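Taking it in order: structure first as structure tokens, then the write-up.
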Amino acid sequence: MREECKQTGPSLSAQGYAHQGQKTKHMDWKLEESARKTDSRVLQEQEVILEDTGEDSISESFRLLQIDVECEHREGETLPTGSAMWCSKNVQRKQRHWEKIVAAKKSKRKQEKERRKANRVENSGICPQHSKRFLRSLTKERLLEAKHSGPRLCIDLSMTHHMSKKELSRLAAQIRRLYGSNKKANRPFWIYLTGFTTDSPLYEECLRMNDGFSSYLLDITEEDCFSLFPLETLVYLTPDSEHALEDIDLNKVYILGGLVDESIQKKVTFQKAQEHSVNTARLPIQEYMVRCQNEKNYHSEILAINQVFDILSTYFETQNWPEAMKKGVSSRKGYILQNSVDNGQPKELQKAKLLEVS
């Protein structure tokens with residue numbers, strides 16, 4: 001009997017150890033399973049919140065994140081019990097990151113909604129019921145109509161070979177602003193870009209800086225403006241001309257020199273017009289504006305091509321030169337509108353005021 005007890009003693013002890021080891025593994029498995037359920041529940045709750053906000057793309061990102069976490073759990077099953085807690089912290093960190101993204105998108109969406117609402121209130125009389133597609137179609141229709149019956153404006157780009165890269169970039173930006181203003185106009189001009197080759201640095205700069213430049217509704221030609229139109233129909237707009245522009249004639253083609261010259265060379269466009277025996281005109285700045293005193297004592301009638309176009313376009317719609325001047329000539333040029341303007345016509349006091357300020 002004693003021998004049997006001695007033989008069975010070690011056997012029972014081994015079974016006890018085995019049972020205790022199985023119990024420990026079972027507890028570790030339950031801890032890991034609990035951590036997985038907790039992480040999965042947190043992710044499911046976040047996904048429901050995101051679906052309520054309508055952010056499909058972020059909801060999809062959370063689904064991908066959930067798959068990633070499940071993979072991490074599978075890899076962590078062979079790790080000690082502490083790995084479950086590590087996965088949970090990692091999920092919490094990712095959760096906080098995505099919560100910031102969601103909050104930022106909500107704020108941006110709210111600001112955009114308020115901006116659109118303010119624009120609708122401001123432009124309540126300008127077809128608020130029409131879609132963007134309809135407005136684009138309407139703009140295209142107006143531009144194509146101007147090609148056949150509207151005023152014509154030519155940008156002479158044959159002088160750009162002497163310009164630096166910085167000057168070319170500024171000119172490309174001016175062309176973009178000019179085209180944007182023309183699209184918004186109720187009575188647009190038809191624009192020609194003449195002396196403009198597709199292999200020129202300016203063309204490359206326009207493609208780089210201006211989105212959709214290749215689809216602009218205008219004419220681009222390598223031909224010079226003086227050979228493209230009859231000379232008697234041309235009017236070169238230059239600040240050095242002696243003749244002030246009085247009105248816009250639909251039978252004329254108005255030319256702007258596409259020149260950004262930081263060295264301020266004198267009478268470049270005026271001399272070019274004289275070489276081809278073309279009529280010239282200047283904007284009636286002197287007739288409707290007076291010099292104002294400033295610290296630098298600076299006064300200039302040289303404007304960017306988009307500023308000149310804003311004046312021409314505003315006058316063509318309103319038939320009012322003072323209003324047009326206010327649109328295109330900033331106070332930085334050293335000129336302001338006269339206080340004595342009667343129905344768009346200057347009074348005799350202008351000369352006296354010019355002498356007084358001078």
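Treat the numbers as computed from the prediction; the structure is a model and nothing was measured. Computed from heavy atoms alone, side chains included, the values below leave out hydrogens, waters and symmetry copies.
Within the model, atoms SG of C154 and CD1 of I191 stand 9.5 Å from one another, a figure rounded to the nearest 0.5 Å.
For residues 316-327, no pair satisfies salt bridge (Lys or Arg N to Asp or Glu O under 4.0 Å), with sequence neighbours left out. Residue pairs meeting the salt bridge (Lys or Arg N to Asp or Glu O under 4.0 Å) criterion with at least one member in residues 230-244: none, sequence neighbours excluded. Listed by first then second residue, pairs satisfying salt bridge (Lys or Arg N to Asp or Glu O under 4.0 Å) with a partner in residues 268-280 read D156-K272, not counting sequence neighbours. Within the structure, salt bridge (Lys or Arg N to Asp or Glu O under 4.0 Å) pairs that include any residue of residues 192-209 comprise E205-R208 (at least two apart or interchain).
Applying the ring pair (Phe, Tyr, Trp, His ring centres under 6.0 Å) test to F196 and every residue at least two apart in sequence or in another chain returns Y203. For H276, the ring pair (Phe, Tyr, Trp, His ring centres under 6.0 Å) partners at least two apart in sequence or on another chain are F226. Every residue two or more places apart in sequence or in another chain that forms a side-chain hydrogen bond (donor to acceptor under 3.5 Å, both in side chains) with N210 is listed here: R176. In this structure, the ring pair (Phe, Tyr, Trp, His ring centres under 6.0 Å) partners of F189, at least two apart in sequence or on a different chain, are F309, F316. Take E112 and apply the side chain to side chain contact (heavy atoms under 4.5 Å, CB included) test, not counting sequence neighbours, and it matches R115, R116. Evaluation of the side-chain hydrogen bond (donor to acceptor under 3.5 Å, both in side chains) rule for N186 yields no partner, not counting sequence neighbours.
Two residues are said to be in side-chain contact when any heavy atoms from C-beta on lie closer than 4.5 Å; Y254 and I248 meet this criterion. Residues M163 and V260 are in side-chain contact: their nearest non-hydrogen atoms beyond the backbone lie under 4.5 Å apart.
For D247, the CG atom is densely surrounded, since the number of other residues' heavy atoms within 6.0 Å is greater than 12.
Outside the 6.0 Å centre-distance limit, the rings of Y236 and F270 are not counted as a close aromatic pair.
Within the 3.5 Å criterion, the main-chain N or O of E287 finds a donor-acceptor partner in the side chain of Q338. A donor-acceptor contact shorter than 3.5 Å links the side chain of S227 to the backbone of D224. Between the S169 side chain and the K165 main chain, a donor and an acceptor come within less than 3.5 Å of each other.
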Hey, can you pull the donor-acceptor pairs under 3.5 Å for the side chains in residues 138-146, sequence neighbours left out?
from : atom 1 : to   : atom 2 : distance (Å)
T139 : OG1    : L135 : O      : 3.0
R142 : NE     : A185 : O      : 3.4

Contacts table for residues 215-223: side-chain donor-acceptor under 3.5 angstrom, sequence neighbours left out:
from : atom 1 : to   : atom 2 : distance (Å)
S215 : OG     : G212 : O      : 2.9
D219 : OD2    : W190 : NE1    : 3.0
T221 : OG1    : E223 : N      : 3.0

